[in-house]
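Only one structure is covered here, and it is reproduced in the block below.
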Amino acid sequence: MSKIRLTIIDDTGTVSFVGPAHGAKVLTAACSARPANVTALLAAARPFDAQMVDQVLDGLAIFDEHNGPERYQAIHAALTRGHSGPFRVVDSITRAASLEPVETGVILFNLAAQRIVQVQNSYSALLRRDRGRIRAAGKPTRHLYRYELPHDWSIVP
């Protein structure tokens, strides 16, 4: 399975994780629901790939358990070891990691600016209107989802 870095920005901060490459389309489809924050985006993505959403939420819970204000040694050490799980951007080290492409690239979902930035995407170009395969237990099903981004959302490169 191809991997891609997905970074989500909202008014309260930034979350980043390495996920399945199809996750870029899942999050794009979820943006069609006009989510205001990371929590709303993940809730909108759940019907398309619940396993991916659960892995992100579980990873953020672990991050929050091991890292706190001005106590970022755990995430710094994990990133040094090649950690690819979800984390919050809390300083310049985590910001750099959130922009670092993996196998098929890095995509930013800026919820506040209503913009999806394909910094590097060699998997599949994201479209304003498309369809994707619903996943169950991480595996594609025969069922499809369809989406269309609102007109005020933009996708760059």
Side-chain angles (χ1 to χ4, degrees), residues 1-64 67 75 78-79 81-90 94-150 153-157:
M1 173 178 16
S2 297
K3 301 283 185 187
I4 194 163
R5 174 165 302 284
L6 302 167
T7 298
I8 308 164
I9 305 154
D10 69 15
D11 286 335
T12 63
T14 302
V15 167
S16 186
F17 64 98
V18 173
H22 74 267
K25 187 183 286 189
V26 166
L27 293 183
T28 301
C31 287
S32 67
R34 297 182 176 274
N37 54 46
V38 172
T39 303
L41 179 70
L42 294 174
R46 180 175 293 288
F48 311 134
D49 191 342
Q51 182 177 12
M52 181 186 78
V53 169
D54 289 344
Q55 288 173 343
V56 172
L57 293 173
D58 291 349
L60 289 174
I62 292 168
F63 173 88
D64 292 340
N67 298 275
I75 188 60
L79 290 171
R81 292 188 310 272
H83 172 74
S84 62
F87 61 90
R88 297 182 194 283
V89 172
V90 293
T94 53
R95 180 161 313 284
S98 76
L99 299 172
E100 187 68 32
V102 295
E103 291 176 24
T104 60
V106 58
I107 298 178
L108 310 177
F109 294 84
N110 188 327
L111 304 181
Q114 297 178 322
R115 182 174 36 242
I116 300 168
V117 182
Q118 298 178 92
V119 176
Q120 179 186 335
N121 179 5
S122 63
Y123 181 71
S124 178
L126 297 175
L127 304 173
R128 298 189 56 74
R129 182 177 178 197
D130 204 354
R131 66 182 183 192
R133 208 158 279 290
I134 293 174
R135 307 269 168 156
K139 297 192 186 319
T141 68
R142 296 181 321 168
H143 304 284
L144 298 176
Y145 61 86
R146 298 180 193 291
Y147 72 89
E148 184 169 353
L149 285 175
W153 273 78
S154 62
I155 301 177
V156 293

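Note: hydrogens, waters and symmetry copies are ignored here, and every other heavy atom, side chains too, is used.
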How about Thr14 and Ile8: do any of their side-chain heavy atoms sit closer than 4.5 Å?
-> no

Output for pair (Ser154 OG, Leu149 CG), nearest 0.5 Å, gives 9.0 Å

| Evaluation steps, side chain to side chain contact (heavy atoms under 4.5 Å, CB included), between Val15 and Val89 | CA-CA 6 Å; Val15 167; Val89 172; over 6 Å; no

Rounded to the nearest 0.5 angstrom, the OG1-CZ distance for Thr104 and Arg5 is 11.5 Å

So CD of Glu100 and CD of Gln120: to nearest 0.5 Å the spacing works out to 9.0 Å

Of all heavy-atom pairs linking Ala136 and Thr141, the shortest is CB-CG2, 3.7 Å

Note: Pro86 and Phe63 closest approach over all heavy atoms is O-CB, 4.1 Å

Closest heavy-atom pair, Glu103 versus Met1, reported as atoms and distance to 0.1 Å, is OE1-O, 4.0 Å

Are Gln118 and Ile155 close enough that some pair of their side-chain heavy atoms sits under 4.5 Å apart?
yes

Rounded to the nearest 0.5 angstrom, the NZ-OH distance for Lys25 and Tyr123 is 7.5 Å

Query raised in the report: Are any non-hydrogen side-chain atoms of Leu42 and Val56 less than 4.5 angstrom apart?
Result: yes

Sub-4.5 Å side-chain heavy-atom contact between Asp49 and His22
yes

Here the gap from Ile9 atom CD1 to Leu41 atom CG, rounded to the nearest 0.5 Å, amounts to 11.5 Å

For Pro47 and Ala43 the tightest heavy-atom approach is CD-O, 3.5 Å

Between the side chains of Arg146 and Asp130, is the shortest nitrogen-to-carboxylate-oxygen separation below 4.0 Å, so that they form an ion pair?
no

pair Met52-Pro20: side-chain heavy atoms closer than 4.5 Å | yes

Between Ser98 and Arg95, the two heavy atoms sitting closest are OG-O, 2.7 Å

- Task: Given side chain to side chain contact (heavy atoms under 4.5 Å, CB included), test Asp54 with Arg46 step by step and report yes or no.
- Result: CA-CA 8 Å; Asp54 289 344; Arg46 180 175 293 288; 2.8 Å; yes

message = Is the shortest side-chain heavy-atom distance between Ile107 and Ile116 below 4.5 Å?
response = yes

Handout entry: Non-hydrogen side-chain atoms of Asn121 and Val106 separated by less than 4.5 Å
Key = no

Determine, step by step, whether Asn67 and Val90 satisfy the side chain to side chain contact (heavy atoms under 4.5 Å, CB included) criterion, reporting the C-alpha distance in whole Å, the side-chain angles of both residues, the deciding distance to 0.1 Å, and the verdict. CA-CA 10 Å; Asn67 298 275; Val90 293; over 6 Å; no

Closest non-hydrogen atoms of Arg133 and Tyr145, given as atom of the first, atom of the second and distance, are O-CE2, 3.6 Å

| query | Can you list the steps and then say if Phe48 with Leu144 is a side chain to side chain contact (heavy atoms under 4.5 Å, CB included)? | reply | CA-CA 9 Å; Phe48 311 134; Leu144 298 176; over 6 Å; no

query: Side-chain contact, heavy-atom cut-off 4.5 Å: Leu60 with Arg88?
result: yes

When rounded to the nearest 0.5 Å, the distance separating CH2 of Trp153 from CZ of Arg115 is 10.0 Å

With no hydrogens and no angle check, just 3.5 Å: does a side-chain donor-acceptor pair link Ser16 and Thr7?
yes

With a cut-off of 3.5 Å and sequence neighbours excluded, list every side-chain donor-acceptor pair involving residues 27-40.
| from | atom 1 | to | atom 2 | distance (Å) |
| --- | --- | --- | --- | --- |
| Thr28 | OG1 | Ala24 | O | 2.8 |
| Ser32 | OG | Ala29 | O | 2.5 |
| Arg34 | NH1 | Asp152 | OD1 | 3.1 |
| Arg34 | NH1 | Asp152 | OD2 | 3.0 |
| Arg34 | NH2 | Asp152 | OD1 | 3.1 |
| Asn37 | OD1 | Thr39 | N | 3.2 |
| Asn37 | OD1 | Ala40 | N | 2.8 |

